[in-house]
Novice: 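One structure is given below, represented as C-alpha cells, and several questions about it will come after.
Naming: A, B, ... by sequence-line order, numbering from 1 per chain. Predicted model, so just to flag it, every value in this text is computed and none were measured. Values below: all heavy atoms of this structure, side chains included; hydrogens, waters and symmetry mates excluded.
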Amino acid sequence: MEHYDFQEEMKGLLRACIRRDFEGEFSAHEHDNVFIRRTRHPLSMRFEGFPIYAESVPKIIKSWAKFDEGFEFSLEDMLFLDLETSGLGRSGTLAFLIGLGYYEEEHFVVEQIFLPDPDAEENSFDRLRELLESRSIILSFNGKSFDIPVLESRLLYHHIWLNLREIAHLDVLHLARRMWKRRLSSCALENIEYYILDHPRCPETDIPGAQVPQAYQDFLYSGETELIKRIFAHNHDDILYLAILFALIADNASYPPKAGKDHRIDYHALARLYESVGEMKTARRILIDLISEGFVSADIAYDLGMILKKERDYNTALEAFEMAAELSHGDAMIEAAIILERDRRLDEALSYALKAQAFENSRYKPNAKRLEALSKRIKRLETKLNRA
DNA sequence: CATCTTTGGAAAACGATTGC
DNA sequence: GCAATCGTTTTCCAAAGATG
C-alpha cells in the first residue's frame, strides 16, 4: 500500500474527478494537496427526533472517563474523529479519509479530509492540527484502539510531531457497551444506530466498512467516484451519529433524569456505572427506584444488596439478598447465609446455605469449587448449631 | 494468647469485542 | 487480518474473626 509511483498526470486526473463530483475545496499546499469537504447542520436539526448536541456533560461521564477533577469541556472543546483507511492493520495502513466533527457558530460541522492520492497523506495532518489547537478532547468510536494508533503510526512515518496521546480522549464505544451490553447482542456503531437511535443505514448510499479499502484502491486506478461518494456518506454518518449517540448518553446519565426516564436507557446499567466510579448513593437510589417502580430482577436486587453490604447496612442488605434469592440468584443465597451467620442466626444461615447448594446442583454445569465452599460452610454451620 | 479460617479489596490474567 | 480496551474471572494478601 505504501509506495505508488503516481505520475503527476495521474494525480491531476484523480483530482479532476473529485473536483467534478464533489462540493469542497483543495488545501493550499503547493504539491499533493488534499480535498476538504464540509457539511453543516444547524444545532436545531433533529435526527429521528434526537438532538445533535448534549445540553451538558454530567460529572458521571467525566469520572468514568477518568478525567482530572478540574477538567471541564464544553461543546466547542470537542472534536469527533473517525478514519477511513486502507485496512485494519496499524502500521502501513493509510488513513485516506480523516472525518472530523465539531461545533461552531450554532452548527455541527462534519469536515472530511480526503486524499486524492496516497502521496498527499503528509499534508492531511495540517488541518487536524489546526482544529486540535482550539479543542481539548477527542471523541471517537473505538478510536483508542484503532484511529489514534493508526494516526500515530502515520505521523511517525512522516516524522510529524503531534501529541495525540496526551489529548483527553473519550471512546464512546466503551461507554455505549456499558449502557447496552445487556440489551444488544452487538454494540457496533451501526447496530446501536439501528436499535437505539432508530436509524437504519441506507444500503443504496452507504458502504459496508469491510469494502472500504477495496473501494479506495479501485478509485485510485479508475478515478471512478461512485464508491467514494458512499465512503463520504458513510464517514459522515459515522461522525454525525457518534455525536448524536454521545448526546443521548450525556443527556440521560445524570440521576434523577431531568427530562424523565427514557426507555432507551438501561437504568440498571446506569446504576452499575455509578457504582463503578464509587458513587454508591446514586447507584443505590437508582436500584431502589427501579424496584419500587416494579422493575425487579434477581440481578437488580443482588446488586442493591452488595451496595448495602459495603455500606454496612446489613439488615437492609439481607432484605435485598432474600429478594434476589427468592428470584433464584445463587450468589444472593450465599450472601444471605454470610450475613445471617454474622448475626448468629445460624439455623436461617444454614437454610440459605442448603438452598444455595441445591441451586448449584440444579444448574446445568455445577461449579465444583463453589460446591466445595458450600459444603464447608454447611459443615461449619452444622457444628456450630450442634454446639449450641 | 496463638493459630487457623473467612472475607473483601487489590492486582493480575483472561477473553470478547470493535474498528477498516 | 491486528491489537488496544475494558469487564470479568482468578489469584493473592492483609485484616478480621473464630477456635481451642
Novice: Looking for any heavy atom pair under 4.0 Å, which part of the strands does A/D82 touch: base, sugar-phosphate only, or nothing?
Specialist: sugar-phosphate
Novice: Quickly work out the A/D238 CG to B/dT18 C1' distance and round it to whole Å.
Specialist: 12 Å
Novice: Hey, could you give me the CG/NZ distance between A/L374 and A/K376, rounded to the nearest 0.5 Å?
Specialist: 12.0 Å
Novice: Between A/R178 and C/dC6, is there a contact of a side-chain N or O with OP1 or OP2 at under 4.0 Å?
Specialist: no
Novice: What distance do A/L83 atom CG and A/N142 atom CG have between them, rounded to the nearest 0.5 Å?
Specialist: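 The CG atom of A/L83 sits 11.0 Å away from the CG atom of A/N142.
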Novice: With under 30° as parallel and over 60° as perpendicular, where do the rings of A/H158 and A/F125 fit, or are they tilted in between?
Specialist: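 Rings of A/H158 and A/F125: tilted, as their planes differ by 30° to 60°.
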Novice: Are side-chain heavy atoms of A/E275 and A/M280 found at a separation under 4.5 Å?
Specialist: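 Yes. Closest side-chain heavy atoms under 4.5 Å.
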Novice: Indicate whether OP1 or OP2 belonging to C/dC6 is found under 4.0 Å from a side-chain N or O atom of A/K144.
Specialist: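 Indeed, a polar side-chain atom of A/K144 lies that close.
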Novice: Round to a whole Å and report the spacing from CZ of A/R154 to P of B/dG19.
Specialist: 22 Å
Novice: Quick one: is A/S186 getting a side-chain N or O under 4.0 Å of the B/dT17 phosphate, OP1 or OP2?
Specialist: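 No, because none of the side-chain N or O atoms of A/S186 sits under 4.0 Å from OP1 or OP2 of B/dT17.
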Novice: Would you indicate what A/I148 reaches in the nucleic acid, counting non-hydrogen atoms under 4.0 angstrom: base, sugar-phosphate, or nothing?
Specialist: nothing
Novice: Under 4.0 Å, counting only non-hydrogen atoms across every strand here, what does A/S276 touch: a base, just sugar-phosphate, or nothing?
Specialist: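 The residue A/S276 makes no contact with any strand.
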Novice: Calculate the interatomic distance between A/D171 atom CG and C/dG7 atom P; express it in whole Å.
Specialist: 11 Å
Novice: Using a strict cut-off of less than 4.0 Å between a Lys/Arg side-chain nitrogen and an Asp/Glu carboxylate oxygen, indicate whether A/D266 and A/R178 qualify as a salt bridge.
Specialist: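 Looking at A/R178 together with A/D266, the answer is no, because their closest N to O distance does not fall below 4.0 Å.
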Novice: Using the ring of A/F232 (Phe, Tyr or Trp, six-membered ring only), decide whether A/K229 places NZ or CZ under 6.0 Å from its centre and within 45 degrees of its axis.
Specialist: no
Novice: Could you work out which one of C/dC6, B/dG19, C/dG7 sits closest to the side chain of A/K181?
Specialist: C/dG7
Novice: Measure from CG on A/N142 to P on C/dC6 and round the result to the nearest Å.
Specialist: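 After rounding, the reported distance stands at 10 Å.
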Novice: Which one, C/dG7, C/dA4, B/dC20, comes nearest to the side chain of A/W64?
Specialist: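 Shortest atom-to-atom distance from the side chain points to C/dG7.
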Novice: Once you round it to whole Å, what is the distance between P of B/dG9 and CD1 of A/I307?
Specialist: 13 Å
Novice: Roughly, in whole Å, what's the span from CG in A/L189 to C1' in B/dT17?
Specialist: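 In whole Å, B/dT17 C1' and A/L189 CG are 14 Å from each other.
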Novice: Is it the case that atom NZ in A/K261 sees more than 12 heavy atoms from other parts of the structure closer than 6.0 Å?
Specialist: yes
Novice: Quick one: which of C/dG7, B/dT7, B/dT18 gets closest to the side chain of A/L173?
Specialist: B/dT18
Novice: Can you identify which nucleotide, out of C/dG7, B/dT18, C/dC6, has its nearest atom closest to the A/H174 side chain?
Specialist: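 My answer, after comparing the listed nucleotides, is C/dC6.
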Novice: Given B/dC20, B/dG9, B/dT7, identify the nucleotide with an atom nearest to the side chain of A/V212.
Specialist: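 Nucleotide nearest to A/V212's side chain: B/dC20.
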Novice: Just to be sure I understand the rule, does A/N191 reach a base, reach only the sugar-phosphate, or reach nothing, if contact means heavy atoms closer than 4.0 Å?
Specialist: nothing
Novice: Counting only side-chain heavy atoms from C-beta out, which of C/dT5, B/dC20, B/dG19 sits nearest to A/A210?
Specialist: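 Closest nucleotide among those given: B/dC20.
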Novice: Using the ring pair (Phe, Tyr, Trp, His ring centres under 6.0 Å) rule, collect all pairs that involve residues 180-214 of chain A, keeping only residues at least two apart or in two chains.
Specialist: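 Only A/H199-A/Y241 qualify under ring pair (Phe, Tyr, Trp, His ring centres under 6.0 Å).
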Novice: Taking the side chain of A/A188 as its heavy atoms from C-beta onward, which of B/dC20, B/dT18, C/dT5 lies nearest to it?
Specialist: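 Nearest to the side chain of A/A188 among the choices is B/dT18.
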Novice: Round to the nearest Å and state the distance from A/L175 atom CG to C/dT5 atom P.
Specialist: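 Nearest whole value for this atom pair: 16 Å.
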Novice: Give one of base, sugar-phosphate or nothing for A/R177, where a contact means two heavy atoms less than 4.0 Å apart.
Specialist: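 Base, at least one base atom sits under 4.0 Å.
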Novice: In whole angstroms, how far is the P atom of C/dG7 from the CZ atom of A/R182?
Specialist: 13 Å
Novice: Is it true that A/D251 and A/K258 make a salt bridge, defined as a side-chain N closer than 4.0 Å to a carboxylate O?
Specialist: no
Novice: Across nucleotides 9-20 of chain C, 5' to 3', mark each nucleotide with B, S or - according to how protein heavy atoms within less than 4.0 Å reach it.
Specialist: --S------SSS
Novice: How do A/K66 and A/G89 order along DNA chain C: which one's closest nucleotide is nearer the 5' end?
Specialist: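 Closest to the 5' end, via its nearest nucleotide, is A/G89.
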